[in-house]
Protein chains: 2
Amino acid sequence: MSKSNNVYKDAYNRGLRLLDETKSLPSEPELGALLGVSRTTIRSILARMEETGLIAWNKRSKTVLRAPRSDDFFPEEETDTLSQIIERSFMRRLLAGGAEPGMQINELELAREIGVGTTSVREFLIRFSRFGLIEKRRNSHWVLKGFTRAFALELTEIREMFELRSAAAFAALPQDSPVWADLDLLEDEHRVLAREIATRFNEFSELDERFHRLIHRASHNRFIVDFYDVIAMIFHYHYQWNKAQERERNEVAVGEHLAYIAALKSRDLGKVDAACRKHLKSARHTLLTSIPDRAALPQQ
Amino acid sequence: MSKSNNVYKDAYNRGLRLLDETKSLPSEPELGALLGVSRTTIRSILARMEETGLIAWNKRSKTVLRAPRSDDFFPEEETDTLSQIIERSFMRRLLAGGAEPGMQINELELAREIGVGTTSVREFLIRFSRFGLIEKRRNSHWVLKGFTRAFALELTEIREMFELRSAAAFAALPQDSPVWADLDLLEDEHRVLAREIATRFNEFSELDERFHRLIHRASHNRFIVDFYDVIAMIFHYHYQWNKAQERERNEVAVGEHLAYIAALKSRDLGKVDAACRKHLKSARHTLLTSIPDRAALPQQ
DNA sequence: ATAATGTCTTTTATCGTGAAAAAACATTTT
DNA sequence: AAAATGTTTTTTCACGATAAAAGACATTAT
């Protein structure tokens, strides 16, 4: 089958949304920059839009003829990257239970089960390995280390170390740094969310990630910034499967974020440290309580 | 060409060294455990040893007939992993100069130049990316971030954070922990090396790695332990190309290690912290002085 | 009965191949 | 002349295929 055209389909869908807003589309290079794809892909998109009667296309003129209907869009599942598909499948198995630490991971079996080539699975596993959940045996299989209590503790230990340092660096940033404006915007979003938490509590996870990434960026250290990928991945799946008291948890977290933001704005390192510690402590607690404790298992 | 048989060749070479020591070889499973390969590979090795008249092999009896000659060994370069070959090629280019930050990395070109398939190069780049020297642009090329001063500073910042914590954890380990014996052994090796530093200074780098890995392991944190891979990789290549004052540098470092070891044994956290800081400071200095300062380059 | 050897099956590592997407080059339009 | 469009080339991504290596099963020896 070689390569799927999900880049095209995804960009096409996003392109359809542009049609609502204007009478005519901009130049090809501009569209490319807007949708984050090459001109080659833009031209395929335009060609299809012309075919389906959405636009009239002649060289520079790209006039919108009608608004897109829901059946103009490609189905969501066709716009995913192979690597996203594999990740989702893999995490489902991992969290579905029956995935005991020490268990071995079979590339061929995974590939067959998901219906993709072995190369893609191999590449996924290599990329995934930096999360510390799997490990490779030289010229042999991968071993699942498992999403255990030990894993969560090791992860949060580093997270706390990194975030305390980043927060301190953040508070020390000069007044004219653009991050303060970013922080103000995030603060507003937090305020709005706090007010409407009853109905919009599930929007917190995305806000949470943006907030912590902003702070970590102040470290100016690529290893710290990159480590947030591990945390984000874990929290992403954690949020998906642990829905217990989600509203309450998020409400508390929003409050902690606001206190944390106030501390940062005060630029008082003692206050920043305290607010950061408090939030990280409850984040750790939330994560830990959602992990089944299989303490007695052999763990090599 | 599919797969090279370097596993077999490397294990064969290591197997030849066993012939010097005994009159007859152990069972196949035992040999497998000894050389770290499967029985399938062991049997190929035995078959060849029989063919070349090194042993007489009949079921359980594997009698050594003669000592191996130098032409019995496979040439060194045939025993390397593909991934080692690619890494070496890649690092040579990176350090040879002309590799400016921001430069793009072409998988196909690399593959052609090294004479391997693109898959292997891709997998190498994915694995290598965790070192923070390269970065992938979404469905496009890789970008070289470069072995810059900024990189070295970010690397050492994390290293210091992790090692101070590990050293403290180490010093807090109970007296009956086996690490103290390991530490004693390493101390002896340091003493011996200190005495013969004039001629054996180039053996330091390997000892250095073993020492620091022992300390990091005390953290019981996979992220800390794994991070040492980044440091080890950088120092490995750094040692290879910066030979200026190698003897003096290593002599100083051995001394610092001995002081560091003494501090650990004292279990006095203040002393440990001081000795660790002192050593890390000079390690950082050594690394920084060997990096050409191309500060003015755009660095995205 | 345990542990080795002998044989067969499965999995991993690597390549060449081809379609999707990007990038480079050439031509036209404003 | 600058910026767009049109065309061609190159690179990335993903697959199936194949030899090396691992692993499983069957048989034999202690």
Side-chain angles (χ1 to χ4, degrees), chain A residues 1-11 26-32 35-47 57-62 81-83 85-86 104-112 115-126 136-142, chain B residues 1-11 26-32 35-47 57-62 81-83 85-86 104-112 115-126 136-142:
Chain A
M1 183 211 306
S2 97
K3 200 177 177 178
S4 95
N5 55 354
N6 67 81
V7 172
Y8 157 72
K9 287 178 175 171
D10 180 55
S27 75
E28 294 173 11
E30 227 168 311
L31 280 169
L35 299 176
V37 295
S38 73
R39 256 188 71 218
T40 309
T41 304
I42 291 295
R43 299 188 112 237
S44 314
I45 291 171
L46 291 174
W57 180 26
N58 187 283
K59 312 213 165 163
R60 313 199 162 202
S61 98
K62 311 170 190 82
T81 309
L82 233 206
S83 134
I85 294 169
I86 298 173
Q104 69 186 64
I105 296 164
N106 187 318
E107 289 176 4
L108 201 60
E109 189 190 316
L110 255 179
R112 271 193 299 244
V116 297
T118 48
T119 314
S120 314
V121 169
R122 282 172 66 76
E123 287 180 6
F124 164 75
L125 292 171
I126 296 170
K136 178 122 181 85
R137 294 263 179 275
R138 216 176 72 86
N139 308 11
S140 178
H141 53 260
W142 291 83
Chain B
M1 183 211 306
S2 98
K3 200 176 175 178
S4 95
N5 55 354
N6 67 81
V7 172
Y8 156 72
K9 287 178 177 170
D10 180 56
S27 75
E28 294 171 13
E30 227 168 311
L31 280 168
L35 299 175
V37 294
S38 72
R39 256 188 71 218
T40 309
T41 304
I42 292 294
R43 298 189 113 235
S44 315
I45 291 171
L46 291 173
W57 181 28
N58 187 283
K59 313 215 164 163
R60 308 195 169 207
S61 97
K62 310 169 191 84
T81 309
L82 232 205
S83 130
I85 293 169
I86 297 173
Q104 69 185 66
I105 297 164
N106 188 319
E107 288 175 4
L108 201 61
E109 189 191 317
L110 257 178
R112 271 194 299 246
V116 298
T118 47
T119 314
S120 313
V121 170
R122 281 173 65 77
E123 287 181 6
F124 164 76
L125 291 171
I126 295 170
K136 178 121 183 85
R137 293 263 177 276
R138 217 177 73 85
N139 38 308
S140 179
H141 52 262
W142 291 84

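Between B/Leu108 atom CG and D/dT9 atom C1' the separation is 12 Å, expressed in whole Å. Atom-to-atom, CZ of A/Arg39 to P of C/dC25 comes out at 14 Å; the value is rounded to the nearest Å. Taking atom NZ of residue B/Lys3 and atom P of nucleotide C/dT14, one finds them 7 Å apart after rounding to whole Å. Atom C1' of nucleotide D/dA21 and atom CG of B/Asn6 are separated by 11 Å, given to the nearest angstrom. Remark: C1' of D/dG6 and CD1 of A/Ile42 are 16 Å apart, rounded to the nearest angstrom. Atom CZ in A/Arg112 sits about 13 Å away from atom C1' in C/dT12, given to the nearest Å. Computed from coordinates, the A/Asn58 CG to C/dT30 P distance equals 10 Å when rounded to whole Å. Going from atom CD of B/Gln104 over to atom C1' of D/dT12 covers 12 Å, rounded to whole Å.
Of the candidates D/dA21, D/dA22, C/dA4, D/dA22 carries the atom nearest the B/Val37 side chain, counting heavy atoms from C-beta on. Distance from the side chain of A/Lys62 is smallest for D/dT5 among the nucleotides C/dA22, C/dT12, D/dT5. Relative to the side chain of A/Ser2, the nucleotides D/dT12, C/dG6, C/dA19 differ in distance, and C/dA19 lies closest. Across C/dG6, D/dG6, C/dA20, the shortest atom-to-atom separation from the side chain of B/Glu28 is found for C/dG6.
For the atom pair B/Ile105 CD1 and B/Lys136 NZ, the distance stands at 10.0 Å (nearest 0.5 Å). The CZ atom of B/Arg112 lies 4.0 Å from the CG atom of B/Leu108; values are rounded to the nearest 0.5 Å. The distance from the CG atom of A/Leu46 to the CH2 atom of A/Trp57 is 4.5 Å, given to the nearest 0.5 Å.
Taking only distance into account, the side chain of B/Thr40 meets the base of D/dA22 through a donor-acceptor pair shorter than 3.5 Å. Looking at B/Thr118, its side chain has no donor and acceptor atom pair within 3.5 Å of the base of C/dG16. A/Lys59 contributes no side-chain N or O that forms a donor-acceptor pair with the base of C/dT29 under 3.5 Å.
The side chain of A/Lys136 contributes an N or O atom lying less than 4.0 Å from OP1 or OP2 of C/dA13. One finds a side-chain N or O of A/Ser140 lying less than 4.0 angstrom from the OP1 or OP2 phosphate oxygen of D/dG23. For B/Thr41, a side-chain nitrogen or oxygen approaches OP1 or OP2 of D/dA22 to under 4.0 Å. Distances shown here put a side-chain N or O of B/Arg43 below 4.0 Å from the OP1 or OP2 atom of C/dG6. At the phosphate of C/dC15, OP1 or OP2 sits under 4.0 Å from a side-chain N or O atom of B/Ser120. In this model, the phosphate group of C/dA22 is approached by a side-chain N or O of B/Asn139 to a distance below 4.0 Å at OP1 or OP2. Under 4.0 angstrom from either OP1 or OP2 of C/dC15 there lies no side-chain N or O belonging to B/Thr119. The phosphate of D/dA22 (OP1 or OP2) has a side-chain N or O of B/Ser38 nearer than 4.0 angstrom. Contact check, A/Arg60 against C/dT30: no side-chain N or O comes under 4.0 Å of OP1 or OP2. For A/His141 and C/dT10, the shortest distance from a side-chain N or O to OP1 or OP2 is not below 4.0 Å. Distances shorter than 4.0 Å separate some side-chain N or O of B/Asn106 from OP1 or OP2 on D/dT11.
A search for salt bridge (Lys or Arg N to Asp or Glu O under 4.0 Å) contacts involving A/Glu28 returns A/Arg39, A/Arg43, not counting sequence neighbours. Remark: A/Glu109 pairs with A/Arg93 by the salt bridge (Lys or Arg N to Asp or Glu O under 4.0 Å) rule, at least two apart or across chains.
Position along DNA chain C of the nearest nucleotide to B/Arg138 versus B/Glu123 favours B/Glu123 as the more 5'-ward residue. Comparing A/Ile105 and B/Ser61 along DNA chain C, the residue whose closest nucleotide (by nearest heavy atom) sits nearer the 5' end is B/Ser61. Heavy-atom distances to DNA chain D give each of A/Glu30 and B/Glu109 a nearest nucleotide, and the one nearer the 5′ end belongs to A/Glu30. Along DNA chain D, the nucleotide nearest B/Lys9 and the nucleotide nearest B/Arg122 are compared for position; the residue whose nucleotide lies closer to the 5' end is B/Arg122.
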Steps toward side-chain contact (heavy atoms from CB on, under 4.5 Å) verdict (A/Leu31, A/Ile45):
CA-CA 10 Å; A/Leu31 280 169; A/Ile45 291 171; over 6 Å; no
Working note: A/Trp142 + A/Ile126, criterion side-chain contact (heavy atoms from CB on, under 4.5 Å); need CA distance, chi angles, decisive distance, verdict.
CA-CA 10 Å; A/Trp142 291 83; A/Ile126 296 170; 4.1 Å; yes
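Residue A/Ser44 is classed as having no contact, given no heavy-atom separation below 4.0 Å to the nucleic acid. Across all strands, B/Ile86 comes closer than 4.0 Å to no nucleic acid atom at all (heavy-atom distances).
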